[in-house]
2 protein chains.
Amino acid sequence: MNSFTEENYLKAIFKLSSPDTDGVSTNSIAEELQTKASSVTDMIKKLSDKKLVKYKKYQGVSLTKKGKIIAISIVRNHRLWEVFLVEKLNFKWDEVHDLAEDLEHINSEKMTERLDEFLEFPKYDPHGDPIPDKNGNVYNHKDVTLADLKQNEKGIVVGVKEHSKSYLNYLESINLVLGAEIKVDDIIDFDRSMSASVNGKKLVNVSHQASKNLIIKKL
Amino acid sequence: MNSFTEENYLKAIFKLSSPDTDGVSTNSIAEELQTKASSVTDMIKKLSDKKLVKYKKYQGVSLTKKGKIIAISIVRNHRLWEVFLVEKLNFKWDEVHDLAEDLEHINSEKMTERLDEFLEFPKYDPHGDPIPDKNGNVYNHKDVTLADLKQNEKGIVVGVKEHSKSYLNYLESINLVLGAEIKVDDIIDFDRSMSASVNGKKLVNVSHQASKNLIIKKL
DNA sequence: ATTTATTTTTAGACTAATCTAAAATTATTT
DNA sequence: AAATAATTTTAGATTAGTCTAAAAATAAAT
Ligand SMILES: [Mn+2]
Ligand SMILES: [Mn+2]
Ligand SMILES: [Mn+2]
Ligand SMILES: [Mn+2]
């Protein structure tokens with residue numbers, strides 16, 4: 001079928017695609033996959049031959065229907081495995097991404113559906129990312145971050161936009177985990193940092209860098 | 001670390017090694033891995049450079065301590081994942097091998113140990129093969145097969161030597177699954193086929209081809 | 001509208017793993 | 001012990017994926 005490498009390219013293109021812009025740039029894919037633009041061009045040609053992407057020289061790429069289906073099924077796999085690792089094997093949310101990067105490429109529709117069932121059809125992964133259903137429908141969060149809240153506004157933490165271990169560890173240390181209620185007490189004009197209270201109780205200080213990566217559902 | 005391919009070679013050499021004979025032949029590895037002898041020679045050299053096998057030209061190979069540890073950990077992984085697929089995801093014993101071939105290469109000691117714990121430290125996989133413990137100790141079954149039983153002797157099915165879907169399916173259809181009690185009623189001299197009863201009840205006919213691949217604990 | 005900068009593609013080389021065909025070695029027969 | 005057969009290794013090619021450096025195309029600045 002498709003190699004791990006091809007699958008990673010499809011996933012990257014999917015991640016970088018957005019409804020408004022039409023083509024994903026070679027450089028952005030190279031950046032995402034930590035590789036060189038020339039390598040990306042080569043692979044794009046290959047995926048284009050396989051009808052998994054639409055490609056016109058110098059004009060960027062986009063996924064075909066076929067390519068998108070594959071990309072989404074990989075994302076589905078990735079997120080289901082992350083749930084498994086956290087819920088069943090007691091991993092922490094900052095430990096599961098790399099393992100899921102490998103597990104996601106084991107392609108078995110049967111295994112995926114059984115896993116989904118075993119996990120009782122979770123809607124979100126440990127980072128709050130939505131798990132595509134078996135028909136490939138994904139329902140993304142509205143993109144409101146803590147940084148968008150104004151003074152005295154409240155919200156619930158529903159996800160993160162940044163998945164690094166250091167960020168996730170930090171969030172956990174100040175109890176800003178999924179489901180936490182946060183209220184903005186004050187915003188410092190100078191650096192846009194916030195002082196906020198979590199679950200009504202404590203007072204924490206959060207940099208703009210941190211607040212803009214925390215996805216919030218407004219209350 | 002080591003590539004999937006290297007790991008598969010180590011596993012093959014481990015499987016083909018036996019306490020009595022000292023070197024595994026190039027051809028037998030090629031046969032096991034469905035590849036050509038020349039490819040095997042190339043890979044052996046590479047593994048030798050990495051000190052994972054001992055190799056002298058034309059004299060066959062054997063695993064070093066380092067190589068053996070890796071091979072056993074892959075086998076451990078393989079068999080634990082097979083248990084997971086059968087016990088937790090309700091796969092049948094004939095459906096899990098190929099998936100485990102992929103899952104076994106995801107190397108995370110932490111995941112393996114957590115999985116082992118989650119599965120409540122199983123001793124055997126769905127085919128009766130022993131699961132190496134975390135220190136690499138493997139306790140193999142004594143190699144008695146149904147074909148070794150004489151008339152009127154009884155035994156318990158504890159494993160299979162052949163893992164093909166067709167064989168496993170066939171065994172299941174005549175209730176010769178792990179734990180079944182079998183009694184040899186009659187042996188036909190001509191083709192060494194047997195008529196036998198399973199769990200005291202039924203009467204089945206088993207070819208020599210089938211009986212010699214069924215591992216038995218004598219009663 | 002040119003010039004300059006940035007992005008993207010091509011050309012050519014490299015590594016891992018594989019193969020076929022030929023050569024070298026070891027094993028088996030006569 | 002020589003001849004033949006079987007096994008194993010080498011030589012040389014191939015494919016996937018990657019890289020650097022140079023060329024081509026597009027975008028931005030003057
Ligand atoms: Mn992830
Ligand atoms: Mn995630
Ligand atoms: Mn197996
Ligand atoms: Mn097994």
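Chain letters run A, B, ... following the sequence lines, proteins first and then strands; every chain starts at 1. Since this is a predicted model, take the numbers as computed values, not measurements.
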Taking C-beta and beyond as the side chain, do A:Thr145 and A:Leu214 meet within less than 4.5 Å on heavy atoms? no
The complete set of salt bridge (charged side-chain N to carboxylate O under 4.0 Å, His left out) pairs with one or both residues in residues 25-39 of chain A, sequence neighbours excluded, reads A:Lys15-A:Glu32
If I take atom CG in residue B:Leu47 and atom C1' in nucleotide C:dA16, what distance separates them, rounded to the nearest angstrom? 13 Å
Ignoring hydrogens and geometry, is there a side-chain-to-backbone donor-acceptor pair from A:Ser48 to A:Ile44 under 3.5 Å? no
Rounded to the nearest angstrom, tell me the gap between atom CD1 in A:Ile44 and atom P in C:dT7. 15 Å
Quick check against the 3.5 Å criterion: does B:Lys165 have a side-chain atom that pairs as donor or acceptor with the backbone of B:Asp94? yes
For D:dT10, does OP1 or OP2 lie under 4.0 Å from any side-chain N or O of B:Lys45? yes
Summary of salt bridge (charged side-chain N to carboxylate O under 4.0 Å, His left out) pairs that have at least one residue in residues 48-68 of chain B, sequence neighbours excluded: B:Glu6-B:Lys50
Does B:Asp143 come within less than 4.0 Å of B:Lys161, counting only side-chain N to carboxylate O? yes
Hey, what's the ring geometry for A:His127 with A:His163, parallel, tilted or perpendicular (30° and 60° as the breaks)? perpendicular
Taking only N and O in the side chain of A:Thr41, is any of them less than 4.0 Å away from OP1 or OP2 of C:dT9? yes
Where at least one partner belongs to residues 108-122 of chain A, residue pairs that pass side-chain hydrogen bond (donor to acceptor under 3.5 Å, both in side chains), sequence neighbours excluded: A:Arg76-A:Glu113, A:Arg76-A:Asp116, A:Asn77-A:Thr112, A:Lys110-B:Glu95
Test item: A:Lys11 and A:Glu104 side chains (from C-beta on) under 4.5 Å apart, heavy atoms: yes
Using atom types as modelled and distance alone, determine if a side-chain donor or acceptor of A:Arg79 lies under 3.5 Å from a backbone N or O of A:Pro132. no
With 3.5 Å as the limit, what N/O pairs link the protein to nucleotides 21-28 of chain D?
from	atom 1	to	atom 2	distance (Å)
D:dA25	O4'	A:Tyr58	OH	3.4

Note: contacts of residues 4-18 of chain A with DNA chain D (heavy atom, under 4.0 Å) are A:Thr5, A:Tyr9
Interface residues of residues 24-37 of chain B with DNA chain D (non-hydrogen, below 4.0 angstrom): B:Ser25, B:Thr26, B:Asn27, B:Ala37
Please check: side-chain N/O of B:Asn8 versus main-chain N/O of B:Thr5, any donor-acceptor pairing under 3.5 Å? no
Starting at CG of A:Asp42 and ending at P of C:dT8, how long is that distance when rounded to a whole Å? 15 Å
